[in-house]
Amino acid sequence: MLKIEGLTAEIDGKPILKGIDLEIPTGEIHAIMGPNGSGKSTLSYVLSGREGYEITGGSATYNGLDLLAMEPEERAGSGVFLAFQYPVELPGVGNANFLRTAVNAVRKHKGEPEIDAMQFLKLARTKIKALQMSDDMLKRNVNVGFSGGEKKRNEVLQMALLEPTLAILDETDSGLDIDALKIVADGVNAMRGANFSSLVITHYQRLLDYIVPDRVHVLMGGRIVKSGGPELALALEAEGYAKVAA
Amino acid sequence: MAAVAETLETVQAANDGGYKWGFETDIAMEFAPKGLSEDIVRFISAKKNEPDWLLEWRLKAYAHWLKMEEPEWAAVSYPKIDYQDAYYYAAPSNKVVPKSLDEVDPELLRTYEKLGIPVQEQQRLQGIAVDMVFDSVSVATTFKDRLAKEGIIFCSISEAVQEHPELVRQYLGSVVPQGDNYFACLNSAVFTDGSFVYIPKGVRCPMELSTYFRINAKSTGQFERTLIIAEAGSYVSYLEGCTAPMRDENQMHAAVVELVAMDDASIKYSTVQNWYPGDSEGKGGIYNFVTKRGACRGARSKISWTQVETGSAITWKYPSCMLLGDDSVGEFYSVAVTNNHQQADTGTKMWHVGRNTRSTIVSKGISAGQAQNTYRGLVKISPKAVGARNFTQCDSLLIGDKCGAHTVPYIENRCATAKVEHEATTSRIAEDQLFYCRSRGLTQEEAVGLIVNGFCREVLKELPMEFAVEAQKLLAISLEGSVG
């Protein structure tokens with residue numbers, strides 16, 4: 001279970017998160033919606049450990065672990081995964097190599113044996129097939145020359161391979177056409193289960209047609225101003241943030 | 001992929017202090033008296049029982065060197081070297097010259113085993129023949145007999161002087177003349193050993209040839225000389241590796257390498273240079289002042305240099321190609337890593353003389369800590385080199401904000417039909433790249449290793465397999481602790 005209490009954070013002295021309280025019980029998918037600049041991405045980066053954000057108060061624990069005290073790689077090893085809004089290019093680094101290195105890094109954190117190249121390829125091909133992607137994905141350099149949709153699909157593939165127990169999706173739907181959106185949603189839905197939680201950050205209700213959340217929270221001005229069931233997302237879509245949050 | 005996993009293991013293994021080749025072998029040594037003089041030159045020549053012509057050749061070089069001045073144009077700075085304060089000859093004091101591996105001092109073989117060098121011929125899977133140069137002398141060469149069956153000569157240059165004097169006399173100094181530069185001239189006077197390779201006409205060398213250079217003795221300079229001759233239609237791939245103990249003093253390594261490729265011959269020369277770089281404060285380390293040049297004398301001949309330079313306090317090195325034969329090809333692929341206080345001024349010269357000659361230069365410079373990394377390259381195209389082409393790509397990667405990367409390309413084109421291209425980029429390891437990797441479970445060091453290996457991929461893929469693995473490990477270790 002992810003438990004965030006009174007979390008405040010700032011960038012360059014400018015407060016962005018102004019006291020976030022949020023609980024995601026294990027097995028649930030929660031969506032966070034909010035207008036631009038409300039602190040959605042900051043929340044995802046703070047939870048995954050990106051540098052440059054100063055935590056000024058509050059706490060965030062995951063299954064009792066003090067997330068904020070851990071290095072980003074330790075969080076990954078503990079089952080936290082961030083699907084990036086803008087996946088990063090790594091020139092010269094083969095995707096297969098990168099994915100296998102990541103899989104083994106996470107396995108090592110968990111105390112599981114590493115898998116060799118052949119085992120990895122077999123695993124990767126199975127996942128790729130399930131996600132209706134192309135094997136070609138493995139041969140290219142990490143995100144280099146990928147289209148927007150391909151980058152997002154690569155994020156979903158990484159998630160499928162790393163098998164996190166808490167996936168934070170930072171506007172994974174942005175820039176996707178409807179087919180790609182379905183593939184991404186299928187990827188998340190395939191992981192749904194008693195041991196999987198997810199925080200889906202999005203601008204639009206559209207994604208939530210495919211990934212139906214247990215709870216929806218509205219983030220505005222660095223605070224969660226309203227929470228509700230999936231119907232809240234529909235209300236937001238129909239009436240806009242200002243009205244719903246008022 | 002296995003290599004990356006291995007990189008990571010090595011990085012972890014090396015956490016205790018980085019340079020794991022820094023041990024010293026305790027063995028009885030014989031030294032020449034300290035300092036440099038005509039007597040020392042005679043001493044070295046006598047030790048090696050050299051013919052008169054070679055002694056004369058050395059003395060001529062020495063006389064010339066005395067009139068020369070140490071070059072100062074490179075972007076490196078170091079205190080004035082006292083050439084009288086070093087030993088110019090140091091050899092394990094083994095009275096008998098070993099005839100086979102069985103007769104080599106086991107302590108020496110252990111040294112090479114410890115360095116991971118396949119010294120026993122039983123390790124055939126390695127498919128590599130090795131010449132082991134320890135301080136001033138070659139201590140063993142493997143697979144000599146096997147190679148001799150193909151007519152290939154692979155031995156120490158001292159042995160070649162005795163056994164094949166006509167070849168040595170014909171080619172020694174024919175690519176790098178004695179007076180070429182200060183360090184090459186010094187080498188010509190006092191060179192002590194090195195490797196000699198001769199590939200006969202039409203023979204494709206069946207295994208990788210390699211020389212492993214080890215500086216062990218204190219206050220000793222290593223001056224080796226390597227000569228590789230590839231006759232018409234032959235092929236050889238040659239590798240060299242270098243390490244030295246960790247010491248507070250600076251030691252000099254001034255080598256000369258000459259390559260000759262005749263018609264349709266091809267020489268691939270790879271280096272993984274890992275001399276002791278000095279400590280994090282910049283104390284100690286090897287001064288690596290090396291002259292490497294290949295002559296593509298024959299039509300359609302090809303010389304390809306690949307180097308991974310991670311060690312040395314100072315690297316001054318410009319492996320070059322003289323493209324004399326029509327349609328000959330020169331290549332230079334380089335990764336130079338400098339960390340802490342290391343300085344590297346390295347690059348190449350491609351001298352196009354023949355018609356339709358082609359050259360490719362790919363240089364990757366990585367600078368971390370307070371290091372300075374300079375690419376210096378010359379592309380020279382003579383009026384006769386009709387249709388010559390050159391492509392140069394220089395990429396620099398900076399890690400941290402106290403290091404420097406510099407690119408100094410010289411282009412002299414005297415031929416209207418020649419085509420010369422130069423591309424250069426400078427970048428940093430971006431914070432978002434590091435975070436991306438770390439959010440996938442990689443540690444900071446693993447992330448840097450992965451990104452740097454990606455940056456160098458174009459060069460690393462030119463290395464023979466075994467060396468590529470070694471090089472990937474080295475890159476990770478050399479940059480350890482450079483971020484964060």
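Here is how names work: the chains are called A, B, and so on, in the same order as the sequence lines, proteins then strands, and each is numbered from 1.
When all heavy atoms of A:Val106 and B:Arg440 are compared, the closest pair comes out as CG2-O, 3.7 Å.
Interface remark: A:Arg50 contributes backbone and side-chain atoms alike to the contact with chain B (heavy atom separation under 4.5 Å). For a residue to count as touching a neighbouring chain, one of its non-hydrogen atoms must lie under 4.5 Å from one of that chain's; by this rule A:Pro87 touches chain B with backbone and side chain alike. Residue A:Val103 does not touch chain B at all, counting heavy-atom pairs closer than 4.5 Å. Heavy-atom distances place no part of A:Glu74 under 4.5 Å from chain B, backbone and side chain included. Contacts between A:Leu82 and chain B at a heavy-atom distance below 4.5 Å involve backbone atoms as well as side-chain atoms.
In A:Lys110, the NZ atom is crowded: over 12 heavy atoms of neighbouring residues, nucleotides or ligands sit closer than 6.0 Å. Heavy-atom contacts from other residues, nucleotides or ligands closer than 6.0 Å to CD of A:Glu51 number 12 or fewer.
The line from CD of A:Gln158 to OH of B:Tyr436 is 4.0 Å long, rounded to the nearest 0.5 Å. Between atom CG of residue A:Asn141 and atom CZ of residue B:Arg457 there is a gap of 6.0 Å, rounded to the nearest 0.5 Å. One finds the CG atom of B:Leu434 at 9.5 Å from the CG atom of A:Leu90 (value rounded to the nearest 0.5 Å). A:Lys108 NZ to B:Thr443 OG1: the interatomic distance, rounded to the nearest 0.5 Å, is 8.0 Å. To the nearest 0.5 Å, atoms OG (B:Ser439) and CG (A:Leu47) are separated by 13.0 Å. Taking CG of B:Leu450 as the reference point, atom CG of A:Asn97 lies at 6.0 Å (rounded to 0.5 Å).
Ring geometry, A:Phe84 versus B:Phe435: the interplanar angle falls from 30° to 60°, so the pair is classed tilted.
A donor atom on one side chain and an acceptor atom on the other are not found under 3.5 Å apart for A:Tyr86 and B:Asp432.
Listed options B:Cys456, B:Gly441, B:Ala430 were ranked by heavy-atom pairs under 4.5 angstrom with chain A; first place goes to B:Gly441.
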